[in-house]
Novice: 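My structure is below; once you've seen it, I'll send some questions.
One is the number of the first residue; the rest follow in order along the sequence. The structure presented is a predicted model; accordingly, all values stated were derived computationally and were not measured.
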Amino acid sequence: MTATSRRPTPADPMPDAPTGPGVSSGACRDMPPELGPDAVGVLEGRTFMFSDARGDVPRGSIGGLVHDDTRFLNQWELTIGDAPLLVLSSGTVDAYSAAFFLANADLPHLPANRVGVRRQRFVGDGLYERVELRYFGVEPVSIRLRVAVGTDFADLFEIKESGRDRATDIVRQHELDGSALGFGYRNGSFAASVRVEADPPADLVDGDALVWDVSLERGQQWSCELQVPLRCGEEDYRPAVRGFGEAFDHGPEDPSTRWAAEKPHLHADVDLLRDVYHRSAVDLVSMRIEKTIAGEPVVLFAAGLPWFLTTFGRDTVITAYQTMTCGPDVARGALIVLATHQAKGFNDFTDEEPGKIFHEYRSGELTQLGLKPYHPYYGSADTTALWLILLSEYWRWTGDADLVRRLRGNAEAALRWIDRYGDRDGDGYVEYATRSTQGLGNQCWRDSPDGVQYADGRIPVLPIATCEMQGYTYDAKLRMAELADGPWQDPAMAQRLRADAARLCEQFNRDYWIPERGGYYAVGLDGDKRPIDSMTSNMGHLLWSGMVPEERAGQLARHLMSPEMFSGWGVRTLSTADVGYNPIGYHVGTVWPHDNSIIAAGLARYGYRDEANRIAVAMLEASRHSQHRLPEAFSGYDRSFGRQPVPYPTACNPQAWASGAPLLFLRTMLGLEPREGELVADAHVPDELGRIRLHHVAALGRRWNVEAAGSECTVAPVD
């Protein structure tokens, strides 16, 4: 390194690269305000659509119809008399549908609010929309209804940032009879097309708009249907014609249908718990990804709407862990899909190293043409250990030794990655630093550029070894020792792994402990092996991993529940006493449901059940203010600041591991664990939640009924 070279940091991980700082995959995303605070988003699988409250997508906005990382519509505007409509009410009906109740604006020949308009929107393998007009004026009227359509076939990354103009490469194939508009695009091996089909056909095709001249008398109704099928590469997708409340029917053998049908039935004295449980399940199914691996259909969950409707290693694994009480299919799917794409070689551009589990998988044009490193990208240093933890958890809940033996090679490759490549300098800790000019600077769950910082706000130099990654490694090695003693029948391996874990635990508790401020763990070690001394929620992950000595657990519990860390809605990502605290900073003061679900599980592991319940109840109460859905994050303002949580402005909503959080809270309150061939419970249900009955929990090849109130609990197998 030359005297003038700058050292890499998460904010500038490649300071000497000609392309400049690394490019984030969206961890620090800015959502422009053009769609307004009442923007409406709907999703189904890999398809989503964002619009403003009218249902419109103006050109130049982040809105539009997106499928599989490609935007197929970037304009979708409905007008009467060339004037935007007035909003009466709008919002989602189901995760995949929305309704917009509108009226005409004031026009020269038509006063406002004479024509009532209802738009009914459904997404899934494209878009289906019904537009209905009803006239309430006295005299007959003729109006011109226009649907302006546009597409840019932008890659998802270009929607968030900026991209090239494809206008000259888009081919139009409009039907002159007004029945359809067609758009197609090709760039090398990448091809996509979209049609807008109208019934009844429009009276006029005006550029890229469909225009109807409609004559109405008082009380008369008129409607049209718009279907938007898509073509991605060689695959054709056509939306279903549906009504509100009609769920997608994928057949009884479909893995997502089976997961939804076979999840436990919850009966609770308190409506809040039932409502959150139901909403979480609905949202999770809406984010499903279905694949076929070696002839086996599998299901797993995408990370979240809007930017992350794809497989994210860390998010996918943690969501599968959170939802284990709802059945093992999602965990099985996650294990198989991630193992299938486990790294086998080296690639600087994608941060690939042998044995590593990937971070993010994309399918858009920029990725397919090799301009982005996401096919897949391996830039996370914690996912590999988390995959091992999930493999163990799956075995504990199912006893499926066949899959565990089938994936042994993947598990051993993951362990080798931890020791050889994750531990970059041989000091016993897993560290990260990107090798890619487009790589992530922070490769832990706090993956924004300022997500890891000192207490005084400075950004540390790379490579960084965050504390929770060491906890995950410790837990993973102990769990793999359990598998080595069990289905792998390798006692020497088990002995070696337990010795490794013991050394790591002793070393960690020496190097990461900071005696000041009442005693706590540094969030990490920097590139000079100095403790990064900010006080963060990551301490709770150490409790979850079991890496904290009993005598220190109480100190962590007090910190986590202190006014500086606990907002009243949940534990903040960063203490308010640290200089970098920002209640609306992505990882530096916000409150994350998934983070809190892990913290609560960790507190309960060490016997701090009241503290765990305080977090769980606060989160459930927070969901009241967001239609019983927990978003990706809340702002970190204190509960006394307002009567409801202040939203984080660009939170994914829904987001998989936020939707999974209530399920892990429920498991923590019930103390559910499979043990020695039985499902056991150690309940500590908060008084305000009354009695809980969870029926038909799948564990160890059987179904179980669980009933609990307070510390009283019964678990019985279903005959």
Side-chain angles (χ1 to χ4, degrees), residues 8-11 13 27-28 314 380-382 385-386 422 427-433 440-474 504-505 507-545 547-548 552-553 555-560 562 564-566 570-582 585-592 594-596 598-599 602 633 636:
T9 69
C28 261
R314 180 190 303 117
S380 60
D382 53 1
L386 288 168
D427 68 344
Y429 298 129
V430 173
E431 301 106 354
Y432 58 77
L440 284 170
N442 274 320
Q443 299 192 357
C444 59
W445 85 265
R446 309 166 71 93
D447 58 359
S448 52
D450 63 350
V452 177
Q453 56 180 254
Y454 296 102
D456 62 8
R458 289 178 297 122
I459 303 298
V461 296
L462 294 166
I464 291 171
T466 58
C467 65
E468 83 289 351
M469 295 194 311
Q470 318 317 316
Y472 300 160
T473 299
Y474 170 79
L504 174 60
C505 186
Q507 179 180 334
F508 174 86
N509 278 285
R510 179 191 69 227
D511 295 344
Y512 281 72
W513 184 251
I514 298 176
E516 289 79 21
R517 300 171 71 178
Y520 67 107
Y521 287 99
V523 71
L525 300 182
D526 68 9
D528 295 321
K529 305 303 176 184
R530 295 177 302 180
I532 306 169
D533 60 348
S534 56
M535 184 177 290
T536 70
S537 60
N538 290 28
M539 294 185 296
H541 294 233
L542 296 172
L543 295 171
W544 179 61
S545 298
M547 205 182 192
V548 178
R552 288 179 174 172
Q555 292 165 273
L556 297 195
R558 286 190 291 276
H559 281 307
L560 291 166
S562 69
E564 292 76 22
M565 293 293 293
F566 187 71
V571 177
R572 298 180 178 96
T573 45
L574 183 68
S575 168
T576 60
D578 286 12
V579 171
Y581 167 72
N582 179 355
Y586 196 45
H587 293 111
V588 289
T590 46
V591 173
W592 290 58
H594 98 275
D595 187 29
N596 276 263
I598 291 173
I599 293 168

Novice: Just by modelled atom types, is the H559 backbone N or O under 3.5 Å from a matching donor or acceptor in the S562 side chain?
Specialist: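 Judged by distance alone, yes, a pair lies under 3.5 Å.
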Novice: Not counting sequence neighbours, which residues clear side-chain contact (heavy atoms from CB on, under 4.5 Å) with S575? List them please.
Specialist: R517, M535, E564, M565, A577, D578
Novice: Who pairs with D595 by salt bridge (charged side-chain N to carboxylate O under 4.0 Å, His left out), at least two apart in sequence or on another chain?
Specialist: none
Novice: Could you tell me if the side chain of P531 sits less than 4.5 Å from the side chain of W513, heavy atoms only?
Specialist: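 No, every pair of side-chain atoms sits at 4.5 Å or beyond.
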Novice: Please walk me through it: do Y432 and D382 pass side chain to side chain donor-acceptor pair (under 3.5 Å)?
Specialist: CA-CA 9 Å; Y432 58 77; D382 53 1; over 6 Å; no
Novice: Under the salt bridge (charged side-chain N to carboxylate O under 4.0 Å, His left out) rule, collect the residues that match up with D533, sequence neighbours excluded.
Specialist: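 Counting only residues at least two positions away or on another chain, D533 forms no salt bridge (charged side-chain N to carboxylate O under 4.0 Å, His left out).
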Novice: For D456, enumerate each residue passing the salt bridge (charged side-chain N to carboxylate O under 4.0 Å, His left out) test, keeping only those at least two apart in sequence or located in another chain.
Specialist: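 D456 satisfies salt bridge (charged side-chain N to carboxylate O under 4.0 Å, His left out) with R458 only.
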Novice: Say you draw a straight line from CG of L440 to OG of S380; how long is it, rounded to the nearest 0.5 Å?
Specialist: 8.5 Å
Novice: Quick check: closest heavy atoms across C505 and Y474, and the distance to 0.1 Å?
Specialist: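 The pair with the smallest heavy-atom distance is CB-CE1, 3.6 Å.
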Novice: Could you grab the distance from atom CG of L543 to atom CZ of R552, nearest 0.5 Å is fine?
Specialist: 12.5 Å
Novice: Could you tell me whether the side chain of W592 and the main chain of G570 form a donor-acceptor pair under 3.5 Å?
Specialist: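 Pair absent, no side-chain N/O of W592 close to backbone of G570.
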Novice: Quick one: does any side-chain atom of D447 pair with a main-chain N or O of Q443 as donor and acceptor, under 3.5 Å?
Specialist: no
Novice: Once rounded to the nearest 0.5 Å, what's the spacing between atom NE2 of H587 and atom CG of D450?
Specialist: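 Separation between the atoms: 9.0 Å.
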Novice: Closest approach of Q453 and S534, non-hydrogen atoms and distance?
Specialist: O-OG, 2.7 Å
Novice: Between V523 and Y454, does a side-chain contact (heavy atoms from CB on, under 4.5 Å) hold up when you go through it step by step?
Specialist: CA-CA 9 Å; V523 71; Y454 296 102; over 6 Å; no
Novice: Just grab all the salt bridge (charged side-chain N to carboxylate O under 4.0 Å, His left out) pairs involving residues 460-472, residues at least two apart or on different chains.
Specialist: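 Every candidate salt bridge (charged side-chain N to carboxylate O under 4.0 Å, His left out) pair involving residues 460-472 fails, so no pair, neighbours aside, qualifies.
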Novice: Give a yes or no answer on whether the side chain of N442 reaches the backbone of C444 with a donor-acceptor pair at less than 3.5 Å.
Specialist: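 No; zero donor-acceptor contacts below 3.5 Å.
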Novice: Give me the one residue out of I459, I464, T466, L525 that meets side-chain contact (heavy atoms from CB on, under 4.5 Å) with I532.
Specialist: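 Checked I459, I464, T466, L525 against I532; only one passes side-chain contact (heavy atoms from CB on, under 4.5 Å): I464.
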Novice: Between the side chain of R572 and the main-chain N/O of Y581, is any donor-acceptor distance below 3.5 Å?
Specialist: no
Novice: Do Q470 side-chain atoms and V430 backbone N/O form a donor-acceptor pair below 3.5 Å?
Specialist: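 Yes; judged by distance alone, with no hydrogens or angles, the pair exists.
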Novice: Let me confirm one number: the CG-CG distance from N596 to L560, rounded to the nearest 0.5 Å.
Specialist: 9.0 Å
Novice: Between atom CZ of F508 and atom CG of L542, what is the distance when rounded to the nearest 0.5 Å?
Specialist: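 With rounding to 0.5 Å, CZ (F508) is 4.5 Å from CG (L542).
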Novice: Do the side chains of Y521 and M547 get nearer than 4.5 Å, heavy atoms only?
Specialist: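 No. Closest side-chain heavy atoms not under 4.5 Å.
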Novice: Please work out whether the ring planes of W445 and H541 are parallel, tilted or perpendicular, with thresholds of 30° and 60°.
Specialist: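 Aromatic pair W445/H541 classed parallel.
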Novice: Nearest 0.5 Å, please: how far is CG in N582 from OG1 in T576?
Specialist: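 T576 OG1 to N582 CG: 12.5 Å, rounded to 0.5 Å.
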Novice: Sequence neighbours excluded, which residues qualify as salt bridge (charged side-chain N to carboxylate O under 4.0 Å, His left out) partners of D511?
Specialist: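 Counting only residues at least two positions away or on another chain, D511 forms no salt bridge (charged side-chain N to carboxylate O under 4.0 Å, His left out).
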